[in-house]
Amino acid sequence: MAENGTDCEQRRFGMAKEQNNGSFQDPSFISDRKTRDIEERQSIVLWRKPLITLQYFILEVLINLKDWSIRLWHRRMMVMSVLLLLAVLSVAYYIEGAHQQYVQYVEKKCLWCAYWVGLGILSSVGLGTGLHTFLLYLGPHIASVTIAAYECNSVNFPEPPYPDEIICPDEEGTEGAISLWTIISKVRLEACMWGAGTAIGELPPYFMARAARLSGVETDDEEYAEFEEMLEHAQTAQDFATRAKLAVQNLVQKVGFLGILACASIPNPLFDLAGITCGHFLVPFWTFFGATLIGKAIVKMHIQKLFVIITFSKHIVEQMVSLIGVIPSIGPSLQKPFQEYLEAQRKKLHHKGDSGAPQSENWLSWAFEKLVIIMVFYFILSIINSMAQSYAKRVQQRNLSVEKTK
């Protein structure tokens, strides 16, 4: 009797376990579970759950630091080689000698390039939401150089203070000596470095999709899951957004290098899909990165530079300011701060803004500075929220694994 009772209990437990496992294999259950998990993760933001968000953010940072420490330890020979190289460069940097002028030149150029590459990476890598560094940094820099070039009739700005501050050289050029190509050449280095940074920032989607395809393990990345779902329902796609994504995917898949180059050479909000497509279909790394680098750092950057330079050329700016004054009722009041700002910039270029009483800050400059601060602050908040949600995903995956083993 006791043995029969034990057998009954074991069979009952086995049936319960099979039913439990069966529920996990039910497609509708899995879909509902994923939807609930995504909604739960998206609710973890600083303005809704500040304490939990900060706690998860700190835990995710610690996990990432641990992972990177392990990776560096596994590549300790390479790390030691890099440290040895840095030690040699440090000795050359601090020892006095005739080489110091070359050291200072290389240091200045490397820091300048690293600054723009970093801004480019921040613009495209995501980290919650990309920081629009072209609108906030590179675009205004090109516009300032353009305005100064037409005002000074030269691009040979004294260094220093350029590039921190632009002032006209003592010997100004002749009227009409400035051309589009002259200004393009002046800002080519920083623009190309920014474009190279945006190309580097496109690598994470490529590596994520490639790793998922090679390993055969289903990833929890929402963008990759959306991409796979889009491929499954490609024949029945009706809305414009899905058809546009499919067009990008077909172009990249069928044309290859030239297709990637075409997608990277124009302002394209769907380029993340090109990276996922290349990773999913195992496009070679240098084919993807080479086309992306050429498209973003050379072709696209020259298009964007031309647009900014033409927009802020002397006659276009004067026409835009005069057109503002034509607006009924509010035109003259809107036109005045723009005229004051342009006049202040001209005086500053010719050293006339330093003498006399301190100049009052123009409201346009004040508004732009506050806009930059707000966008950087929002970018930092998005990073905190994104990392907190990444840790929440780890917790959900761990809980799901525990439930499956019960």
Side-chain angles (χ1 to χ4, degrees), residues 37 40-41 44-46 49-94 107 110-111 113-131 133 193 196-224 272 275-276 279 285-286 288-289 376-377 379-402 405:
D37 287 347
E40 183 181 345
R41 289 199 302 269
I44 301 176
V45 289
L46 278 169
K49 302 176 181 178
L51 295 180
I52 293 177
T53 304
L54 289 174
Q55 178 187 358
Y56 282 10
F57 167 72
I58 294 171
L59 292 172
E60 182 68 14
V61 168
L62 293 176
I63 290 173
N64 288 333
L65 288 176
K66 179 184 175 182
D67 291 342
W68 279 104
S69 300
I70 294 172
R71 291 180 185 179
L72 291 175
W73 175 252
H74 290 159
R75 295 169 176 82
R76 51 187 175 274
M77 293 303 298
M78 183 182 69
V79 173
M80 292 299 295
S81 301
V82 172
L83 291 176
L84 183 61
L85 177 62
L86 291 176
V88 173
L89 292 176
S90 299
V91 171
Y93 181 81
Y94 287 106
E107 178 190 18
C110 288
L111 290 176
C113 292
Y115 173 75
W116 289 110
V117 169
L119 288 177
I121 293 173
L122 289 177
S123 181
S124 63
V125 75
L127 295 176
T129 180
L131 182 64
T133 52
M193 290 297 104
T198 61
I200 295 171
E202 300 293 350
L203 292 179
Y206 169 82
F207 284 126
M208 178 271 300
R210 184 180 179 86
R213 181 66 183 274
L214 289 174
S215 64
V217 178
E218 183 180 357
T219 178
D220 275 345
D221 186 86
E222 282 83 6
E223 289 186 356
Y224 186 71
D272 277 353
I276 294 175
F285 170 76
W286 286 112
F288 169 72
F289 185 65
V376 171
F377 182 70
F379 179 64
I380 294 172
L381 287 181
S382 70
I383 293 175
I384 295 174
N385 292 336
S386 178
M387 295 188 71
Q389 290 168 9
S390 296
Y391 183 80
K393 183 188 291 187
R394 294 178 189 270
V395 174
Q396 290 171 350
Q397 290 173 343
R398 187 167 60 243
N399 293 338
L400 185 61
S401 298
V402 171
T405 56

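Values below: every heavy atom of this structure, side chains too, minus hydrogens, waters and symmetry copies.
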- Item | Flag, side chain of R210 to backbone of F207, donor-acceptor distance under 3.5 Å | no
- Message: Please report the interatomic distance NZ(K49) to CD(Q55), rounded to the nearest 0.5 Å.
- Response: 12.0 Å
- How many angstroms lie between atom OG of S81 and atom CE of M78, to the nearest 0.5 angstrom? 8.5 Å
- The residue among L59, V61, L62 that forms side chain to side chain contact (heavy atoms under 4.5 Å, CB included) with Y391 is L59
- Item | CD1 on I63 to CD1 on I58, rounded to 0.5 Å | 12.5 Å
- Looking only at heavy atoms, the pair that brings G120 and T133 closest together is N-OG1, 4.3 Å
- Rounding to 0.5 Å, atoms CG (L65) and CD (E60) come to a distance of 10.0 Å
- Check whether any side-chain N or O of N385 sits under 3.5 Å from a backbone N or O of T53 as a donor-acceptor pair, and report yes or no. no
- Note on the structure: Rounding to 0.5 Å, atoms OG1 (T198) and CG (L122) come to a distance of 11.5 Å
- For the student: nearest non-hydrogen atoms of R41 and Q389, plus distance: O-CG, 3.1 Å
- Any side-chain heavy atom of L119 within less than 4.5 Å of one from M193? no
- On a heavy-atom basis, the closest approach of I44 and Y56 is CD1-CE2, 3.9 Å
- Message: For F285, I'd like to know if atom CZ has over 12 heavy atoms of other residues, nucleotides or ligands within 6.0 Å.
- Response: yes
